[in-house]
Amino acid sequence: MEFDASLLVVMGIFWVTFFILRSFLFQPVLQLLEDREAETAAAHQAYQSALAENEEKLEAQRAEIAAARAEARSQRDEMRREVQALRQQTVSETQAAVDAKLEKARGELEEQVSAERAKLEERAGQLGQQMASQVLRRVS
């Protein structure tokens, strides 16, 4: 059996090619893939942080809106109470003024009725005297 040195040469060329490819191709490609994966993970982490921050801001804004709505509701209710009280006061004042005018009108009407009754009584007396004098003239 003869020893063939070509096998050793092929193995040497394989290992030299392997180390050259490993140094200049495989390791840089693997490093590039690892860097991309790290960048992707960092970007994903930044996205998650930004999303969480935005969610917190959104919740804070929702809370502010809810507080503003509650404040507006409270102010609206307070205004309603004030308007209701003012309305009630206005109605009471108007009712009192109407009652006063009505009482004054009743008093004036009573005075007019009394004056007219006095005139009627006087006129009735005059008519009675006229009738009596006419009846007496006819009888005489």
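Throughout, numbering of the chain's residues begins at 1 and tracks the sequence. The shown structure was predicted, so the numbers you read here are calculated from the model rather than taken from an experiment.
- The line from CG of Leu8 to CD1 of Ile13 is 11.0 Å long, rounded to the nearest 0.5 Å.
- Side-chain contact annotation: Gln126 with Gln130, donor-acceptor N/O pair under 3.5 Å absent.
- Distance check, rounded to the nearest 0.5 Å: CG of Leu30 to CD of Glu37 gives 11.5 Å.
- Listed by first and then second residue, the side-chain hydrogen bond (donor to acceptor under 3.5 Å, both in side chains) pairs involving residues 84-97 are Gln89-Glu93, Gln95-Asp99 (not counting sequence neighbours).
- Using a 4.0 Å cut-off between charged side-chain N and carboxylate O, Arg117 and Glu121 make no salt bridge.
- Legend: residues meeting salt bridge (charged side-chain N to carboxylate O under 4.0 Å, His left out) with Arg106, ordered by chain and number and at least two apart, are Glu103.
- Following chains of ILVMFWY side-chain contacts shorter than 4.5 Å, one can reach Phe26 starting from Val29, so the two form part of one hydrophobic cluster.
- Phe24 and Trp15 are assigned to two separate hydrophobic clusters, defined by single-linkage of ILVMFWY side chains at heavy-atom distances under 4.5 Å.
- In this structure, the separation between CG on Asn54 and OH on Tyr47 is 9.5 Å, given to the nearest 0.5 Å.
- Salt bridge absent: Lys119 and Glu122 never bring a charged side-chain N and a carboxylate O closer than 4.0 Å.
- Atom CD of Gln61 sits about 10.0 Å away from atom CD of Glu59, to the nearest 0.5 Å.
- Other residues, nucleotides and ligands contribute over 12 non-hydrogen atoms within 6.0 Å of the CZ atom of Arg81.
- In terms of hydrophobic clustering, with Ile, Leu, Val, Met, Phe, Trp and Tyr side chains grouped at heavy-atom distances under 4.5 Å, Leu21 and Leu33 are assigned to a common cluster.
- To the nearest 0.5 Å, atoms CD (Glu71) and CD (Glu78) are separated by 10.5 Å.
- Leu109 meets the side-chain contact (heavy atoms from CB on, under 4.5 Å) test with Gln112, Val113; sequence neighbours excluded.
- One hydrophobic cluster, built from ILVMFWY side chains closer than 4.5 Å, cannot hold both Leu7 and Val16; they sit in different ones.
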Dump the intermediate steps for side chain to side chain contact (heavy atoms under 4.5 Å, CB included) on Arg73 and Arg76, then the final yes or no. CA-CA 5 Å; Arg73 193 175 305 118; Arg76 184 182 63 223; 3.4 Å; yes
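- Expressed to the nearest 0.5 Å, how far CZ of Arg137 lies from CD of Gln134 amounts to 6.5 Å.
- Counting only distance, with no hydrogens or angles, the side chain of Ser23 and the backbone of Phe19 share a donor-acceptor pair below 3.5 Å.
- A heavy-atom distance below 4.5 Å is not found between the side chains of Glu55 and Leu51.
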